[in-house]
Protein chains: 2
Amino acid sequence: MATGRTHRPATRSRGIPEATVARLPLYLRALTALSERSVPTVSSEELAAAAGVNSAKLRKDFSYLGSYGTRGVGYDVEYLVYQISRELGLTQDWPVVIVGIGNLGAALANYGGFASRGFRVAALIDADPAMAGKPVAGIPVQHSDDLEKIIQDNGVSIGVIATPAGAAQAVCDRLVAAGVTSILNFAPTVLSVPDGVDVRKVDLSIELQILAFHEQRKAGEEAASSDGGVPAAAARSDSADQGPDGDMPAVMPA
Amino acid sequence: MATGRTHRPATRSRGIPEATVARLPLYLRALTALSERSVPTVSSEELAAAAGVNSAKLRKDFSYLGSYGTRGVGYDVEYLVYQISRELGLTQDWPVVIVGIGNLGAALANYGGFASRGFRVAALIDADPAMAGKPVAGIPVQHSDDLEKIIQDNGVSIGVIATPAGAAQAVCDRLVAAGVTSILNFAPTVLSVPDGVDVRKVDLSIELQILAFHEQRKAGEEAASSDGGVPAAAARSDSADQGPDGDMPAVMPA
DNA sequence: CCATCTTTGTGCACGCGTTCACAAAGACAT
DNA sequence: ATGTCTTTGTGAACGCGTGCACAAAGATGG
């Protein structure tokens with residue numbers, strides 16, 4: 001969960017709930033895996049387990065898309081893959097630019113998960129003139145002077161910011177001015193954008209800090225209980241953690 | 001289930017809402033910036049603007065930690081930095097291991113946001129023997145054969161998984177068996193962990209897919225008058241074939 | 001010491017998301 | 001056709017998070 005929206009004027013009367021949208025990619029991944037194994041149909045129970053969610057939640061999520069299941073049987077895997085892909089807009093090609101080709105930018109450029117899901121890295125952009133022309137992931141880095149031209153020539157509407165924090169807002173402003181309307185921000189800064197532009201933030205250090213909080217709490221409880229002995233995995237069911245996706249409690253196999 | 005049933009709102013209520021915990025790092029960052037500019041105090045309104053949240057929400061969040069503000073004045077920046085750091089557990093040192101030193105793992109190792117917040121990269125681990133000994137971010141990569149020993153010798157309780165999806169669950173199992181109780185997972189897989197282990201997931205491709213959904217909706221609304229909404233590019237020839245990003249079957253024999 | 005002004009802390013209401021539980025719908029066997 | 005069995009789709013209840021609005025608390029000035 002990291003949507004840095006500015007204001008929400010409730011433009012979703014007939015729309016799909018945001019929480020559901022955030023889970024659709026999860027279902028899609030599980031379904032793709034089933035598809036690759038040529039599994040024809042899947043029940044909500046099975047698919048929910050694979051995606052790590054509650055089956056009732058999954059069924060309700062799908063109900064927002066329409067009635068794509070067959071009672072007594074389950075869901076047709078291929079059909080559902082198509083429907084979710086279409087709903088997410090993955091049946092079309094999304095050219096993406098990555099700005100800031102440092103370690104993280106390079107990692108993103110090399111990340112295979114993009115191309116396989118309708119995203120195409122249209123350009124890599126960096127402010128360092130020494131980087132210009134140097135190929136990263138097979139794509140030559142271009143200088144940020146040409147940012148506007150690159151955006152417009154490629155019809156880019158999604159931009160990824162992987163610059164240092166200090167440069168992020170300026171880059172963001174230029175991207176938006178050039179026509180980008182969706183931004184994935186890896187820089188540890190709050191970006192301000194005009195209405196109509198979506199920003200999602202991914203912050204590695206924040207995720208770690210949240211883990212540290214729970215870790216500290218676990219350590220404190222353990223010391224306080226003075227139980228000692230076994231780490232008490234099954235004894236106490238606290239763990240009010242839960243990320244945005246909610247992970248399943250599962251029994252350790254071995 | 002797995003909800004904190006141990007709520008005891010006495011003198012020290014330990015039940016901080018998850019949503020609040022997730023925002024504390026955000027406040028901490030804004031406060032740190034103020035601290036570096038030697039700003040002595042800040043009002044909830046100012047701080048909320050800097051963190052990109054509602055001021056009432058911020059005040060309520062802080063109220064869970066205690067009454068650290070002064071009415072008519074605001075919050076003491078230094079004091080608040082300390083209190084939040086303590087609450088998040090950042091006043092202690094957290095050794096972290098990163099498993100999977102590919103592009104992403106290397107980027108994480110180089111990421112400065114860790115060290116500055118109490119996190120210390122204790123070791124880099126990779127399964128490739130050719131990587132062993134090679135320094136990344138000044139730290140020599142160690143082979144995964146030594147994973148258990150590394151965890152135990154360094155007292156590591158937080159692990160970062162940046163391996164391909166296919167290796168993630170196995171790595172996760174080994175980490176947990178060795179004593180890790182918090183995992184930050186970058187691999188596109190649902191991890192099964194025993195009770196008491198926290199998992200947070202960061203998935204780059206999911207974030208992009210969510211953006212694509214909104215982007216499509218924006219485009220559809222805009223062109224709703226002329227065209228029929230969906231861009232009719234439904235018949236993709238190579239849409240659902242698996243990409244090389246190594247998605248593994250997330251389906252397990254439940 | 002009192003009045004006024006600023007800002008916090010929070011009671012309350014509302015809306016979203018989650019979960020339960022079950023009727024409806026279809027497959028399948030006889 | 002009819003009954004049984006499985007699984008979906010969803011109405012309803014519940015709990016959490018958010019934001020409003022205001023009283024309490026303290027600073028500040030006369």
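Given the structure is predicted, the values throughout are model-derived calculations rather than measurements.
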Notebook entry, point to check: Side-chain N or O of B/Ser43 less than 4.0 angstrom from OP1 or OP2 on C/dT7?
Noted result: no

Margin query: Please report the distance, rounded to the nearest Å, between CD in A/Glu18 and C1' in D/dT18.
Written below: 16 Å

Notebook entry, point to check: Could you give the NZ-to-P distance, from B/Lys57 to C/dC14, as a whole number of Å?
Noted result: 19 Å

Checklist line | Closest non-hydrogen atom pair, B/Leu24 against B/Ile84 | finding: O-CG2, 3.9 Å

Check: Taking atom P of C/dT8 as reference, at what distance in whole Å does atom CD of B/Gln83 sit?
Finding: 17 Å

Item checked: Check: B/Ser35/B/Glu78 side-chain N/O donor and acceptor closer than 3.5 Å -> yes

Item checked: Check: B/Phe114 ring centre within less than 6.0 Å of B/Tyr111 ring centre -> yes

Check: Rounded to whole angstroms, how far apart are CG on B/Leu58 and P on D/dG19?
Finding: 12 Å

Checklist line | Sub-4.0 Å heavy-atom contacts from residues 62-71 of chain A onto DNA chain D, ordered by number | finding: A/Ser63, A/Ser67, A/Tyr68, A/Gly69, A/Thr70, A/Arg71

Check: Think B/Asn54 has a side-chain N or O under 4.0 angstrom from the OP1 or OP2 of D/dG17?
Finding: no

Notebook entry, point to check: Are any of B/Ser44's side-chain N or O atoms less than 4.0 Å away from OP1 or OP2 of C/dT8?
Noted result: yes

Next item on the list: Could you tell me whether the side chains of B/Thr91 and B/Arg86 share a donor-acceptor contact shorter than 3.5 Å?
Entry: no

Check: Does any N or O in the side chain of B/Lys218 come within less than 3.5 Å of the main-chain N or O of A/Thr181, such that one atom is a donor and the other an acceptor?
Finding: yes

Next item on the list: Report yes if a side-chain nitrogen or oxygen of A/Lys60 is closer than 4.0 Å to either non-bridging phosphate oxygen (OP1 or OP2) of D/dT10; otherwise report no.
Entry: no

Notebook entry, point to check: B/Tyr75 and B/Tyr68: aromatic ring centres closer than 6.0 Å?
Noted result: no

Next item on the list: Kindly indicate whether the side chain of A/Ser157, heavy atoms from C-beta on, has any atom under 4.5 Å from the side chain of A/Val180.
Entry: no

Notebook entry, point to check: Atom CD of B/Glu45 and atom P of C/dC5: how far apart are they, to the nearest Å?
Noted result: 19 Å

Note to self: Side-chain N or O of B/Arg59 versus OP1/OP2 of D/dA21: is the shortest distance under 4.0 Å?
What the structure shows: no

Margin query: Pick the closest DNA chain D nucleotide for A/Ala56 and for B/Asp61 by heavy atoms, then say which residue is nearer the 5' end.
Written below: A/Ala56

